[in-house]
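Below is one structure, written out as structure tokens; the observations come after it.
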Amino acid sequence: SAYLHALAYARERLQGSDPADPSAKGQVPIIRHPDVRRMLLRMRSYVEGMRMLAYYTALQIDTARHATGSEAAEAGSLVDFLIPICKAGCTDSALYVTSEAVQVYGGYGYCSDYPVERYLRDAKITAIYEGTNGIQSMDLTMRKILMNPEQFNFTVWKKRVAETVAKAKGVVEDRYITIVEKGMARLDEVIESLKADMAGGRFLNIFANATPLQQAMFMMSLAWMHLWSLTLCIPKMKSLVGDAKGEDREKLLNDNAEAAYYSGKVLSSQFYLGAEFPKFFGRADAILFGETSPVKASDAVFTGAPLE
């Protein structure tokens with residue numbers, strides 16, 4: 001809802017000249033400005049990614065209840081694995097999305113005249129109730145991965161990601177596939193590092209890295225969803241748009257809502273994989289760096305607040 005309000009506002013709010021044509025006179029809607037389009041694509045890519053991941057998790061719940069044998073077992077393991085990622089990742093991202101919506105509005109977004117400031121406040125509580133996101137992260141790290149026999153949950157999830165990668169080849173540009181493959185390889189390094197901490201009894205290190213791991217795995221999960229989406233949407237977009245370019249393409253998108261929808265879906269997923277997902281590698285590197293400050297810190301070092 002915050003994204004849609006921000007989109008509507010960006011289409012009607014006039015500010016500045018057209019950055020694509022500085023010689024043009026008059027102001028243009030702020031949606032014409034690249035930074036605003038970036039914010040809108042960022043919101044859309046997270047909203048669509050969260051929706052896909054939530055729907056996929058719901059499908060696994062139904063499969064686990066109604067299927068039999070290995071199909072039910074794998075679905076059940078995915079439910080266990082994905083629920084803390086969905087809960088923590090989606091509620092954290094709800095705050096990012098609503099904050100970005102406020103930013104699109106500018107100062108008006110902070111005022112109660114518009115609804116986005118309330119959405120921002122409402123979004124924050126979702127990271128707290130139904131198990132704080134820190135608890136969800138520890139559950140994911142310990143029970144759902146490290147203590148799970150032979151990391152069955154993680155192995156099934158990796159298999160599903162690999163299946164998506166295989167289907168994307170020949171349909172999606174290689175660079176969007178390669179970055180997902182690199183992400184999975186880096187995630188394997190992270191899990192091996194945490195397994196080494198567990199074998200060495202360094203449980204405080206694991207708990208200190210539980211939230212960073214959950215955040216990284218959420219980003220990896222959205223990358224998986226967006227690669228899957230590209231595999232489905234690119235052929236559909238091409239069938240609707242064909243080879244149309246420039247003004248012809250723009251006219252087609254304005255006249256054909258379905259073509260505009262699939263073109264937007266493709267751009268949203270490309271944006272996430274190309275502009276947002278690279279941040280995953282920084283999160284993974286931070287875990288692999290092995291910083292132990294949270295473990296070393298004692299109560300006494302947190303100075304400034306008066307003692308009661």
Side-chain angles (χ1 to χ4, degrees), residues 1-51 93-120 123 172-176 179 222-223 226-227 229-230 232-279:
S1 185
Y3 160 66
L4 293 176
H5 277 282
L7 173 60
Y9 183 80
R11 284 173 170 162
E12 65 183 27
R13 174 73 163 95
L14 301 177
Q15 184 67 52
S17 59
D18 189 345
D21 185 9
S23 64
K25 295 182 180 180
Q27 295 184 323
V28 296
I30 61 173
I31 197 171
R32 298 275 188 88
H33 295 279
D35 189 55
V36 175
R37 290 186 177 183
R38 177 194 60 78
M39 289 190 284
L40 292 171
L41 273 173
R42 184 169 187 257
M43 285 187 280
R44 176 173 175 166
S45 71
Y46 274 94
V47 168
E48 290 180 343
M50 288 187 283
R51 184 176 292 137
S93 295
L95 190 65
Y96 306 153
V97 170
T98 51
S99 176
E100 201 83 304
V102 171
Q103 191 70 28
V104 170
Y105 275 81
Y108 285 125
Y110 198 70
C111 302
S112 58
D113 304 65
Y114 296 93
V116 287
E117 57 84 24
R118 176 168 56 83
Y119 296 150
L120 175 60
V172 181
E173 285 182 61
D174 287 345
R175 60 178 181 162
Y176 297 115
I179 197 170
L222 291 200
H226 278 294
L227 183 61
S229 180
L230 283 176
L232 298 174
C233 292
I234 286 176
K236 183 66 175 178
M237 179 194 73
K238 288 181 176 179
S239 72
L240 293 165
V241 177
D243 297 325
K245 292 180 175 62
E247 292 183 2
D248 290 339
R249 181 186 180 92
E250 195 63 25
K251 183 178 186 306
L252 173 63
L253 297 183
N254 285 327
D255 294 341
N256 188 324
E258 190 176 16
Y261 171 79
Y262 280 103
S263 296
K265 289 282 288 182
V266 168
L267 287 174
S268 171
S269 292
Q270 289 176 335
F271 177 86
Y272 181 84
L273 290 169
E276 287 297 308
F277 184 59
K279 300 170 188 176

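Basis for what follows: all heavy atoms, side chains included, without hydrogens, waters or symmetry-related copies. Because the structure is a prediction, the values reported are computed rather than measured.
Atom CG of Leu232 sits about 10.0 Å away from atom CG of Leu227, to the nearest 0.5 Å. Annotation: the span from Leu240 atom CG to Lys238 atom NZ amounts to 13.0 Å, rounded to 0.5 Å. Put simply, OG on Ser45 and CD on Glu276 are 5.5 Å apart, with the number rounded to the nearest 0.5 Å. Put simply, CD on Gln15 and NE2 on His33 are 7.0 Å apart, with the number rounded to the nearest 0.5 Å. Once rounded to the nearest 0.5 Å, the distance linking CD of Glu258 with OG of Ser263 reads 10.5 Å. Atoms CG and CE, from Leu230 and Met237 in turn, are 9.0 Å apart once rounded to the nearest 0.5 Å.
Inter-residue side-chain proximity for Ser17 and Val28 is flagged as unmet; no heavy-atom pair is nearer than 4.5 Å. Counting only heavy atoms from C-beta outward, the side chains of Cys111 and Glu117 never approach each other to under 4.5 Å. Taking the side chain as every heavy atom from C-beta outward, Asp35 and Ile30 never approach each other to under 4.5 Å. At a threshold of 4.5 Å between non-hydrogen side-chain atoms, the residues His226 and Gln270 do not count as touching. Between His5 and Pro115, the closest side-chain pair of non-hydrogen atoms falls below 4.5 Å. The side-chain heavy atoms of Leu222 and Phe277, taken from C-beta on, include no pair separated by under 4.5 Å. Side-chain atoms of Val104 and Leu7, non-hydrogen and from C-beta on, never get closer than 4.5 Å to each other. With contacts defined as side-chain heavy-atom distances shorter than 4.5 Å, the pair Leu252/Val241 qualifies.
Listed for the Ser269 side chain is no donor-acceptor partner under 3.5 Å among the backbone atoms of Val266. For the pair Asn254 (side chain) and Glu250 (backbone), a donor-acceptor distance under 3.5 Å is present. For the pair Ser99 (side chain) and Leu95 (backbone), a donor-acceptor distance under 3.5 Å is absent. Proximity of a side-chain donor or acceptor of Arg37 to a complementary backbone N or O of Ile31 within less than 3.5 Å is detected. No donor-acceptor pair closer than 3.5 Å links the side chain of Ser268 to the backbone N or O of Gly264.
What you find for Ala123 and Thr98 is that their closest heavy atoms are CB-OG1, 3.9 Å. Closest approach of Pro278 to Ile179, counting heavy atoms only: CG-CD1, 3.8 Å. Counting all heavy atoms, side chain and backbone alike, Ala101 lies closest to Val116 at CB-CG1, 4.0 Å. Of all heavy-atom pairs spanning Leu14 and Pro29, the tightest one is CD2-N, 3.5 Å.
Lys251 and Asp248 are not joined by a salt bridge, as no carboxylate oxygen comes within less than 4.0 angstrom of a charged side-chain nitrogen.
Other residues, nucleotides and ligands contribute at most 12 non-hydrogen atoms within 6.0 Å of the CD atom of Gln103. The 12-atom threshold is exceeded at CG of Asn256, counting heavy atoms of other residues, nucleotides or ligands nearer than 6.0 Å. Heavy atoms of other residues, nucleotides or ligands lying less than 6.0 angstrom from CG of Asp243 number 12 at most. More than 12 heavy atoms of other residues, nucleotides or ligands lie within 6.0 Å of OH in Tyr96, so this atom counts as buried by the packing criterion.
Each of Glu12, Arg13, Arg11 was scored for a side-chain hydrogen bond (donor to acceptor under 3.5 Å, both in side chains) with Tyr9, with one residue passing: Arg13. The side-chain contact (heavy atoms from CB on, under 4.5 Å) with Val97 is formed by just one residue from the set Met50, Met39, Arg44, Arg42; it is Met50.
When ring centroids are compared, Tyr46 and Tyr272 come within the 6.0 Å threshold.
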